[in-house]
Visitor: 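Sharing a structure, written as structure tokens. Questions coming.
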Amino acid sequence: MNKPNISFEFFPPQTPEGAEKLTATRKILATLKPEFFSVTFGAGGSTQERTLETIQRIHQEGYQAAPHLSCVGSTRENIRALLLTYKDMGIKRIVALRGDLPSGMGSIGEFQYANELVSFIRAQTGEHFHIEVAAYPEFHPQADSAREDMLNFKRKVHAGANSAITQYFYNADAYFSFVEECRKLGVTVPIVPGIMPIVKYAQLARFSEMCGAEIPRWMRKTLEGYGDDNVSVQNFGRDVVTQLCEKLIAGGAPSLHFYTLNQANASVEILKQLGYSA
Ligand code: FAD
């Protein structure tokens, strides 16, 4: 089977121990030769320092590091300063997002939507950065309609995004249909599936509820049936997600982006089953 490029996403650790653990995780994942490691950014700048520190470490280790940058709750001045810091460090890729402001936390700030951030990055730094944006095969939970959401996605691409990474999903048809509709709208950039390995069901159910990703009924029922039996959850998750990846690769997915939640094992097991080797 064809083996497209892969990339891995982390969140910035909160403690020195977490940072050490993440370094160990990265060492394992690096053996699979990913194109880049990305690091999330808490909306409103809540993880700004930790995201920057984690990006610095990855960059110093010699890997391609891609900071996420979410604009909600931020100012132009703050975003400009961060962009210049990343540019001076030699960072070449940014994942540009709107983000979600936690309820009760400050005001929206100077950017309302991610397309404004993409335009701002291009205006400030020209073609320096490869800009990734988010895409939603099952549609963003706040979207007025599927079509509006797709048109808003197109806006981000027109503003200068080079490629997109999707929210995770477990139904390959949702991805293929989204890509097909985007192509009809004249959006030609690569749309990379975001892959969420299944490690703990309760955590996955919580995330999915928040971000609008559907866990198909047959999967939900099976996972619920395992209760606290995490070994069965993980074995089932590994097989289901491997099969999803196989379908995506066979259907032409340009690359796969793994949401690792800072753990190596689940992604490694899936990738080994797909024939990737260290
Ligand atoms: P947008 O593209 O701005 O879209 C948000 C909503 O507004 C959509 O419903 C869209 O249809 C609508 N919309 C967009 N533009 C317009 C417009 N011009 N006019 C009217 N309506 C519009 N969050 C974080 O806080 N930190 C992260 O690091 C992070 N990383 C992520 C990585 C990936 C790959 C993905 C898929 C998501 C990530 N998120 C992250 C979550 C993301 O911030 C949320 O899903 C957020 O709600 C939307 O961000 P967006 O960039 O897609 O927003």
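As the structure is a computational prediction, the values presented were derived from the model and not from experiment. Atoms within a ligand are numbered from 1 in the order they appear, just like the ligands themselves.
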Visitor: Should the pair Arg155 and Tyr113 be classed as cation-pi, given the thresholds of under 6.0 Å to the six-membered ring centre and 45° from the axis?
Guide: no
Visitor: Starting from atom 10 (C) of ligand 1, locate the nearest protein heavy atom and write down its residue, its atom name and how far away it is, to 0.1 Å.
Guide: Asp149 OD1, 3.4 Å
Visitor: With the threshold set at 4.0 Å, does a side-chain nitrogen-carboxylate oxygen contact exist between Glu269 and Lys272?
Guide: no
Visitor: Distance under 4.0 Å to a non-hydrogen atom of Ala134: what atoms of ligand 1 satisfy this?
Guide: 35 (C), 36 (C), 52 (O)
Visitor: Note the single closest protein heavy atom to atom 2 (O) of ligand 1, along with its residue, its atom name and the distance in Å.
Guide: Lys156 NZ, 2.7 Å
Visitor: Taking side chain to side chain donor-acceptor pair (under 3.5 Å) as the criterion, tell me which of His59, Arg93, Glu35, Lys92 meets it with Gln64.
Guide: Arg93
Visitor: Which of the numbered atoms in ligand 1 are under 4.0 angstrom from any heavy atom belonging to Gln167?
Guide: 36 (C)
Visitor: For ligand 1, which atoms, with element, lie under 4.0 Å from some heavy atom of Ala143?
Guide: 9 (O)
Visitor: In terms of residue, atom name and distance, what is the protein heavy atom nearest to atom 19 (N) of ligand 1?
Guide: Tyr113 CE1, 3.4 Å
Visitor: May I ask you to identify the nearest protein heavy atom to atom 3 (O) of ligand 1, giving residue, atom name and distance to one decimal place in Å?
Guide: Ala114 N, 2.8 Å
Visitor: Ignoring hydrogens, tell whether any protein atom lies closer than 4.0 Å to atom 7 (O) of ligand 1; use the non-hydrogen atoms only.
Guide: yes
Visitor: Who's the nearest protein heavy-atom neighbour of atom 26 (N) of ligand 1, and how far?
Guide: Phe41 O, 2.6 Å
Visitor: List the steps and the verdict of ring pair (Phe, Tyr, Trp, His ring centres under 6.0 Å) for Phe10 and Phe37.
Guide: CA-CA 7 Å; Phe10 303 131; Phe37 291 113; 5.3 Å; yes
Visitor: Please work out which of Ile165, Thr166, Asn152 has its closest non-hydrogen atom nearest to atom 22 (C) of ligand 1.
Guide: Asn152
Visitor: Hey, is Tyr259 one of the residues with a heavy atom under 4.0 angstrom from ligand 1?
Guide: yes
Visitor: Could you name the option among Leu151, Leu97, Leu101 that has the heavy atom nearest to atom 38 (C) of ligand 1?
Guide: Leu97
Visitor: Decide whether the shortest distance between a heavy atom of Asp100 and an atom of ligand 1 is less than 4.0 Å.
Guide: yes
Visitor: State whether the side chain of Thr75 and the backbone N or O of Asn78 hold a donor-acceptor pair below 3.5 Å, judged by distance alone.
Guide: yes
Visitor: Just verifying a value: how many Å separate Glu224 CD and Ile215 CD1, rounded to the nearest 0.5 Å?
Guide: 8.5 Å
Visitor: What atoms of ligand 1 come within less than 4.0 Å of a heavy atom belonging to Asn115?
Guide: 15 (N), 18 (N)
Visitor: Pick one of side chain, backbone, both or neither for how Arg155 approaches ligand 1, counting any non-hydrogen atom pair under 4.0 Å.
Guide: side chain
Visitor: Are any of the N/O atoms on Arg98, whether in the backbone or the side chain, positioned under 3.5 angstrom from an N/O atom of ligand 1?
Guide: yes
Visitor: Using a cut-off of 6.0 Å, state whether more than 12 heavy atoms not belonging to Arg147 lie near its atom CZ.
Guide: no
Visitor: Report the nearest protein non-hydrogen atom to atom 30 (N) of ligand 1: residue, atom name, distance rounded to 0.1 Å.
Guide: His68 ND1, 3.0 Å
Visitor: With atom 23 (N) of ligand 1 as the reference point, say which of Gly99, Ala213, Ala161, Gly194 has the nearest heavy atom.
Guide: Gly99
Visitor: Before accepting this row, confirm whether a basic side-chain N of the pair Glu181/Lys184 lies closer than 4.0 Å to the acidic partner's carboxylate O.
Guide: yes
Visitor: Under a 4.0 Å N-O cut-off, is there an ion pair linking Glu20 with Arg57?
Guide: yes
Visitor: Could you identify the single nearest non-hydrogen protein atom to atom 9 (O) of ligand 1 and state the distance to 0.1 Å?
Guide: His140 ND1, 2.9 Å
Visitor: Take a 6.0 Å sphere around CG of Asp228 and say whether it holds more than 12 heavy atoms from other residues, nucleotides or ligands.
Guide: no
Visitor: Please report the shortest heavy-atom distance between Met196 and Tyr170, naming the atom on each side.
Guide: O-OH, 2.8 Å
Visitor: At the 4.0 Å heavy-atom cut-off, does Tyr136 count as touching ligand 1?
Guide: yes
Visitor: For Lys154, does the NZ atom sit with more than 12 other heavy atoms under 6.0 Å from it, leaving out its own atoms?
Guide: yes
